[in-house]
Undergrad: 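Pasting in a structure now, in structure tokens, and then I'll have a few things to ask.
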Amino acid sequence: MTTTDLDRLRGSPAERKRLFEAQEHAISLCMAQRGWPYRPVAWHPAESDAAVTRALAHGDDIPLHRRFGYGITTLRTSKPADPNAVYTASLSRQRQERYSEALFGTPAHRLDARLSTGEVTFVYTDGCTALADKQLFGDLRKWLVADTIVLNLPAEVDNRVRAAGELTATEKPWRDCMASHGLRFKSPDDARNRIARAASGLQTMSRTDVERLRHREISQSIIDAACDRTVGRSRVARSLIGREVRRVVADRAPEISTYRTFVRKALTTTPGPGKGTPSTG
């Protein structure tokens with residue numbers, strides 16, 4: 001199994017789109033009933049968390065790094081703007097708070113759900129976002145647990161791979177290799193994060209500064225990839241990913257099963273393309 005298989009556990013792109021649009025429609029109706037306008041957000045498939053593991057698996061791809069660096073200054077996402085941002089910005093602070101409470105709920109109606117990992121997630125049950133989920137999936141607590149676990153499966157795999165002794169054993173040789181090129185970092189994550197921090201103000205930088213940072217990113221990432229290849233870090237990671245995916249899927253089998261049951265049931269109550277709008281019950 002691969003991280004792509006984890007993505008498929010969440011359903012096909014068409015299924016995800018249907019459920020997302022049904023949720024947005026339900027939120028819009030709920031907000032209208034409360035006297036607030038809400039324009040549904042357009043479907044925009046987010047970059048999977050598995051991208052983190054893919055980066056780990058391909059950290060030794062020198063041609064890829066020569067072209068894109070770490071993908072920090074070289075790749076820009078095209079996420080659509082929030083269609084409600086202009087309206088909410090026009091409100092007074094007090095009305096913004098009331099709008100947010102209508103949409104997301106209030107702490108007085110907090111519902112906690114303990115995950116199998118021991119962590120606690122929560123939702124405010126009186127908000128339109130939670131009410132939309134309740135309309136589609138029914139049991140909010142069970143849905144919250146299943147959805148959170150399945151959404152974070154790629155990150156869980158990534159954490160397990162990174163913690164594996166086989167991989168951590170490559171860090172000192174990698175550091176030594178980078179230092180031989182005059183680059184001193186605690187870890188590969190540290191190397192990427194320093195570029196990310198430098199790029200945090202990218203939108204306000206001059207064109208010259210952006211190009212200088214982009215050149216620094218690509219130059220550093222090429223050396224990083226070469227050192228990675230020399231010490232075999234990504235080669236080790238690739239050997240571990242399949243193993244950890246299988247283990248995570250086995251460990252989270254109950255939540256995955258619950259998630260798929262919720263999704264199948266919700267899909268039977270939401271129309272397919274060209275079949276009208278979801279029922280509001």
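Index from 1, following the sequence. Side-chain atoms are counted along with the backbone in the values below, which use heavy atoms only and exclude waters and symmetry mates.
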Undergrad: Find out if a path of hydrophobic residues (ILVMFWY) with successive side-chain heavy-atom gaps under 4.5 Å connects Leu115 to Phe122.
TA: no
Undergrad: Just wondering, do Phe20 and His25 contact through their side chains at under 4.5 Å, heavy atoms?
TA: no
Undergrad: Counting C-beta onward and ignoring hydrogens, is there a side-chain heavy-atom pair between Phe137 and Lys265 closer than 4.5 Å?
TA: no
Undergrad: Are more than 12 heavy atoms, taken from residues, nucleotides or ligands other than Arg110, located less than 6.0 Å from that residue's CZ atom?
TA: yes
Undergrad: Is the backbone of Pro40 close enough, under 3.5 Å, to the side chain of Ser28 for a donor and an acceptor to pair up by distance?
TA: no
Undergrad: Is a salt bridge present between Glu21 and Lys17, judged by a nitrogen-to-oxygen distance below 4.0 Å?
TA: yes
Undergrad: Hydrophobic clusters here meaning ILVMFWY residues chained together by side-chain heavy-atom distances under 4.5 Å, can you tell me if Ile241 and Val249 are in one?
TA: yes
Undergrad: Can you tell me if His215 has over 12 outside heavy atoms packed within less than 6.0 Å of its NE2?
TA: no
Undergrad: Taking the side chain as C-beta and beyond, is there a heavy-atom pair between Pro83 and Val41 under 4.5 Å?
TA: yes
Undergrad: With rounding to the nearest 0.5 Å, note down the distance linking CD in Glu15 to CZ in Arg10.
TA: 12.0 Å
Undergrad: Is it true that Arg160 and Asp251 make a salt bridge, defined as a side-chain N closer than 4.0 Å to a carboxylate O?
TA: yes
Undergrad: At their closest point, which heavy atom of Gln220 faces which heavy atom of Leu183, and how far apart are they?
TA: CG-CD1, 4.2 Å
Undergrad: Would you compute the distance between atom CG of Asn193 and atom CD1 of Ile72 and round it to the nearest 0.5 angstrom?
TA: 7.5 Å
Undergrad: What's the spacing between Leu19 CG and Asp133 CG if we round to 0.5 Å?
TA: 10.0 Å
Undergrad: Establish whether Val263 and Val123 are linked, either directly or via other cluster members, by ILVMFWY side-chain heavy-atom contacts under 4.5 Å.
TA: no
Undergrad: Verify ring pair (Phe, Tyr, Trp, His ring centres under 6.0 Å) between Tyr70 and Phe68, making sure each step is shown before the conclusion.
TA: CA-CA 6 Å; Tyr70 297 125; Phe68 296 114; over 10 Å; no
Undergrad: Would you mind checking if Arg98 and Glu101 are paired as a salt bridge, meaning a charged N to carboxylate O distance below 4.0 Å?
TA: no
Undergrad: Are Phe104 and Leu91 co-members of a hydrophobic cluster defined by side-chain heavy atoms under 4.5 Å apart?
TA: yes
Undergrad: May I ask you to check whether over 12 heavy atoms, not counting those of Arg67, lie within 6.0 Å of atom CZ?
TA: no
Undergrad: Okay, side chain of Asp126, backbone of Thr106: is any donor-acceptor separation there less than 3.5 Å?
TA: yes
Undergrad: Do side-chain atoms of Asn159 reach the backbone of Ala155 as a donor and acceptor pair under 3.5 angstrom?
TA: yes
Undergrad: I'd like to know whether Val161 forms a side-chain contact (heavy atoms from CB on, under 4.5 Å) with Val157, so could you lay out the CA-CA distance, the side-chain angles of the two residues, the decisive distance to 0.1 Å, and finally the verdict.
TA: CA-CA 6 Å; Val161 170; Val157 169; 4.2 Å; yes
Undergrad: Flag the pair Asp189 and Arg162 as a salt bridge only when some basic side-chain nitrogen lies within less than 4.0 angstrom of an acidic carboxylate oxygen.
TA: yes
Undergrad: Going through the distances and angles, do Ile256 and Leu153 end up as a side-chain contact (heavy atoms from CB on, under 4.5 Å)?
TA: CA-CA 10 Å; Ile256 293 170; Leu153 288 175; 4.0 Å; yes
Undergrad: Under a 3.5 Å distance rule, please check whether Ser219 uses its side chain to pair with a backbone N or O of Arg216 as donor and acceptor.
TA: no
Undergrad: Main chain of Arg197, side chain of Ser200: is a donor-acceptor contact present, judged purely on distance under 3.5 Å?
TA: yes
Undergrad: Could you report the tightest heavy-atom contact between Arg184 and Ala179, atom names first, then the distance?
TA: NH1-CB, 3.6 Å
Undergrad: Give the intermediate values and the outcome of side-chain contact (heavy atoms from CB on, under 4.5 Å) for residues Arg175 and Cys227.
TA: CA-CA 9 Å; Arg175 285 197 301 270; Cys227 286; over 6 Å; no
Undergrad: Mark yes or no for whether Arg34, through its side chain, and Ala102, through its backbone, hold a donor-acceptor pair below 3.5 Å.
TA: yes
Undergrad: So, Lys186 and Glu171, do they make that salt bridge, N to O below 4.0 Å?
TA: no
Undergrad: Under a 3.5 Å distance rule, please check whether Ser100 uses its side chain to pair with a backbone N or O of Gln96 as donor and acceptor.
TA: no
Undergrad: Check the orientation of Trp143 and Tyr259. Use parallel for under 30°, tilted for 30 to 60°, and perpendicular for over 60°.
TA: parallel
Undergrad: Would you check if Leu131 and Gln135 make a side-chain contact, meaning some heavy-atom pair closer than 4.5 Å?
TA: no
Undergrad: Using modelled atom types and a 3.5 Å cut-off, is there a donor and acceptor pairing between side-chain atoms of Arg141 and backbone atoms of Asp112?
TA: yes
Undergrad: Judged by atom type as modelled, is there a donor-acceptor pair below 3.5 Å linking the side chain of Arg18 to the main-chain atoms of Leu267?
TA: yes
Undergrad: Looking at side-chain heavy atoms only, is the closest gap between Asp224 and Phe185 below 4.5 Å?
TA: no
Undergrad: Should the pair Glu255-Arg252 be classified as a salt bridge under the 4.0 Å nitrogen-to-oxygen rule?
TA: no
Undergrad: What's the separation between atom CD in Glu217 and atom NE2 in His65, rounded to the nearest 0.5 Å?
TA: 10.0 Å
Undergrad: If two hydrophobic side chains count as joined below 4.5 Å and joins carry through other members, does Ile218 share a cluster with Ile62?
TA: yes
Undergrad: Are Ser116 and Ile149 side-chain neighbours, meaning at least one heavy-atom pair lies under 4.5 Å?
TA: yes
Undergrad: Can we say Asp209 and Arg207 salt-bridge, meaning some charged N sits less than 4.0 Å from an Asp/Glu carboxylate O?
TA: no
Undergrad: Just checking Tyr99 against Tyr38, ring centres under 6.0 Å apart?
TA: no
Undergrad: Can you tell me how far the CG atom of Leu111 sits from the CG atom of Leu144, to the nearest 0.5 Å?
TA: 6.5 Å
Undergrad: State, to 0.1 Å, how close Pro173 and Thr170 come at their nearest heavy-atom pair, and which atoms those are.
TA: CD-O, 3.3 Å
Undergrad: Ile223 and Met178: which non-hydrogen atoms are nearest, and at how many Å?
TA: CG2-SD, 3.9 Å
Undergrad: What are the two closest non-hydrogen atoms of Thr73 and Arg214, and how far apart are they?
TA: O-NH2, 2.8 Å
Undergrad: Within the structure provided, determine whether Ser221 and Arg192 are in side-chain contact (heavy-atom separation under 4.5 Å).
TA: no
Undergrad: Within the 4.5 Å heavy-atom criterion, are Val210 and Leu213 side-chain neighbours or not?
TA: no
Undergrad: Spell out, as yes or no, whether a donor-acceptor pair under 3.5 Å connects the side chain of Thr261 to the backbone of Ser257.
TA: yes
Undergrad: Does a salt bridge link Arg238 with Asp60, judged by any charged N lying under 4.0 Å from a carboxylate O?
TA: yes
Undergrad: Could you pull out the closest heavy-atom pair between Ile27 and Ala132, with the gap in Å?
TA: CG1-CB, 3.7 Å
Undergrad: How long is the straight-line distance from CD of Glu156 back to CG of Leu6, given to the nearest 0.5 Å?
TA: 9.5 Å
